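Values in this document were obtained by computation on a predicted structure and should not be read as measured data. We name chains A, B, ... by the order of the sequence lines, and we start the count at 1 in each one.
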Amino acid sequence: MVPIIQLIHKELSKIYQSLSATKKLHALIIKTQLSSDPFYATQMVRIYAIHGDLCSARNVFDEGSIRSVYLWNSIIRAHAQAHQFYDAFSLFRKMLETDISPDNFTYACVIRACSERFDMHGLKLCHAGSIVSGLKSDSICGSSLVTAYSKLGLVEEASKVFYGIREPDLVMWNSMISAYGNSGFWDKSLELFSNMQNSGTKPDGYALVGLLLGLSDSTSMYIGQGVHGFCLKTSFDSNAHVGSALVTMYSRCKSMSYAYKVFSGISQPDLVTWSALLTGYSQSGEREKALLFFKKLVLVGKKPDPVLSASVLAAAAQMANVKVGSEIHGYVLRQGLESDVMVCSALIDMYSKSGFLGLGIRVFDIMPEKNIVSYNSLILGFGLHGLASHAFQMFEEILENRLVPDESTFSALLCACGHAGLVEDGKFLFRRMKEEFGIQARTEHYVHLVKLLGMNGKLEEAYYLIQSLPEPIEHGIWGALLSCCDACGNFELAEVAAERLIESNTKRASYKVMLSNMYAGDGRWDDARKVRESMREGKVRKMPGVSWI
DNA sequence: TGAAGCGCGG
């Protein structure tokens, strides 16, 4: 090989060097007249994209090289990875007009882009296109389809793609296991995990993380323990991602002692693992511990990132202690994270929940970039302070700024209606959410709506609303009705709600306490005693030890 | 001499 080409290849392997080194290399390639060779053009596009210089990448693509499928793929990917979806898709369309056909890599890239911009229509088109191109049984294309469908909530479609492939490879198995896990079907992902092993494919860390993802409450913790056992046997517990997923799994199952045990067994926990533990403590009510671990992580020299800062701020928000929260605010400022949109949203939430809505508004006003999360935080803040009209003004602003309201936006607005007693506005908003914005109501929305009705003298309407829902009805919804009955002193309905809660076999004691207190308050001591006794009986429950693997 | 599909924390 000519020495200069050798030099270029040596430089190409050092791609993580600076942008200026990349530009020098580019100049060298132009000088040696290699820039029309699609290999070198592809390499330059890739390297410029790594350095975030999309303009130079695009110039390389536009300037005269022969366009191989590699070159097309590299420029489409560069735009897609930078979330410049418009450019990515217009290039893809241009490519379809040329003699070069897209291959499995091209489709994998545009399919992923569709899921990232929640473009169901585009996804179906790309899926169809890949079939026409003869990629129906391709596993690279297939696994990206499985992931994309499951990200858009269509697990059924994902499984159709999966079962259409005769011999799934490792990534294909993992994609489907994660798809089921992400959708909460842990039983199906477990079944697949076992099928995968029977077919002779050895699981890796991805499979285990996918499996652990679906285990999200204490009812499935014994499964999680089984998976944990498997991780120990196969030494996957020392894998950083598996370790974090285990910490998260135990945290979600409200079993912080296990979560901590796993955490302390990881030799070098990264920020994600720390954050999983910290969020676990914060969400299971042990806020002081969350703050303590935040201090510890700063002490061992870790530099919190925006996500971790946001989760410690959430712990402070729960404490409703502005002193703690503003200390963390100071820390965030010193770390230079004050313009991060996630951190700012957490600050808004913390200040408003600590009673300092004005400070939250100030953070909102000066933040350089606002997204739907920051609007949601402020709307919730206005709602909590009884300022429903301000909350609705913010909603208008969201629409004016062409942002898309999400589930949390409506949840916050319904909560605002509840605090201000705006029954008709709340009902209207609930309808708009479904009809105009196509958002399916979730438990939290029903809880807000039931409370809004129940607390404003419309207990029966709330009851009929719950009656109209398909089974199984989340216990939180009946719980909301029960607390309204408690507040209004309606025993008749309270008993119905309590009965349904007991039927649903929820372990939460607070409902029974509420009912028992209601009876006691009315002097119905026998009834109160019966409820108390049933609590004592129900309490003795042992976690069955089962290994599913 | 080339690219790529799957993972944890808000």
Novice: Need one value for A/Ser345: base, sugar-phosphate or nothing, where a base atom within 4.0 Å counts as base even if backbone is also close, heavy atoms only.
Specialist: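 Contact class for A/Ser345: none.
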
Novice: Residues in side chain to side chain donor-acceptor pair (under 3.5 Å) with A/Glu116, at least two apart?
Specialist: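 Listed in chain order: A/His83, A/Arg112.
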
Novice: Which parts of residues 158-183 of chain A get close to DNA chain B, meaning a heavy atom less than 4.0 angstrom away?
Specialist: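 The stretch gives A/Asp169, A/Val171, A/Asn174, A/Ser175 as the residues lying under 4.0 Å from the strand, ordered by number.
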
Novice: Which part of the nucleic acid does A/Asp305 contact within heavy-atom distance under 4.0 Å: base, sugar-phosphate only, or nothing?
Specialist: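 Since a base atom lies under 4.0 Å of A/Asp305, the category is base.
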
Novice: Grab the CD1-P distance between A/Ile75 and B/dA4 for me, whole Å please.
Specialist: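 One finds 13 Å between P of B/dA4 and CD1 of A/Ile75, rounded.
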
Novice: Side chain of A/Ser244, base of B/dG9: donor and acceptor closer than 3.5 Å?
Specialist: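 When only heavy-atom distances are counted, A/Ser244 does not reach the base of B/dG9 through any donor-acceptor pair under 3.5 Å.
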
Novice: Side-chain N or O of A/Arg77 less than 4.0 angstrom from OP1 or OP2 on B/dA4?
Specialist: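 Answer is yes, contact under 4.0 Å.
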
Novice: Do the numbers put A/Lys233 on top of the ring of A/Phe230, so that NZ or CZ is under 6.0 Å from the six-membered ring centre and no more than 45° off the axis?
Specialist: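 No, A/Lys233 does not sit over the ring of A/Phe230.
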
Novice: Any chance you could measure A/Ser189, atom OG, to A/Ile223, atom CD1, to the nearest 0.5 Å?
Specialist: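 A/Ser189 atom OG to A/Ile223 atom CD1 measures 10.0 Å (nearest 0.5 Å).
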
Novice: Can you tell me which nucleotide in B/dG7, B/dG9, B/dA3 comes closest to the side chain of A/Arg252?
Specialist: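 Per side-chain heavy atoms of A/Arg252, the pick is B/dG9.
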
Novice: Side chain of A/Tyr206 only, please: which of B/dG7, B/dG5, B/dG9 is the nearest?
Specialist: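 Within the option list, the nearest is B/dG7.
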
Novice: Select one nucleotide: of B/dA4, B/dG7, B/dG9, the one nearest the side-chain heavy atoms of A/Ile140.
Specialist: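 Output: B/dA4.
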
Novice: Only counting residues at least two apart or in another chain, list the ones meeting side chain to side chain contact (heavy atoms under 4.5 Å, CB included) with A/Val171.
Specialist: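 Expected list: A/Ser143, A/Asp169, A/Ser175.
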
Novice: Just wondering, are more than 12 heavy atoms of other shown residues or ligands nearer than 6.0 Å to CZ in A/Phe236?
Specialist: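 For A/Phe236, atom CZ is crowded (more than 12 foreign heavy atoms under 6.0 Å).
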
Novice: Just N and O in the side chain of A/Arg112: are any of them under 4.0 Å from OP1 or OP2 of B/dA4?
Specialist: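 A/Arg112 to B/dA4 OP1/OP2: no side-chain N or O under 4.0 Å.
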
Novice: Using the side-chain heavy atoms of A/Ser275, tell me which of these nucleotides is nearest: B/dG2, B/dG7, B/dG9.
Specialist: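 Nearest nucleotide to the side chain: B/dG9.
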
Novice: Atom CZ of A/Phe92 to atom C1' of B/dA3: distance rounded to whole Å?
Specialist: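 After rounding, the gap between these two atoms is 16 Å.
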
Novice: For A/Glu116 and B/dG5, give me the distance from atom CD to atom C1', rounded to whole Å.
Specialist: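 So the two atoms are 13 Å apart, to the nearest Å.
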
Novice: Which part of the nucleic acid, if any, lies within reach of A/Asp37 when heavy atoms closer than 4.0 Å are counted: base, sugar-phosphate only, or nothing?
Specialist: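 A/Asp37: no heavy atom of the nucleic acid under 4.0 Å.
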
Novice: Would you find more than 12 non-hydrogen atoms of other residues, nucleotides or ligands less than 6.0 Å from A/Arg362 atom CZ?
Specialist: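 Not more than 12 within 6.0 Å, no.
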
Novice: Among B/dG2, B/dG9, B/dG7, find the nucleotide with the atom closest to the side chain of A/Val209.
Specialist: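 Between B/dG2, B/dG9, B/dG7, the one nearest the side chain of A/Val209 would be B/dG7.
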
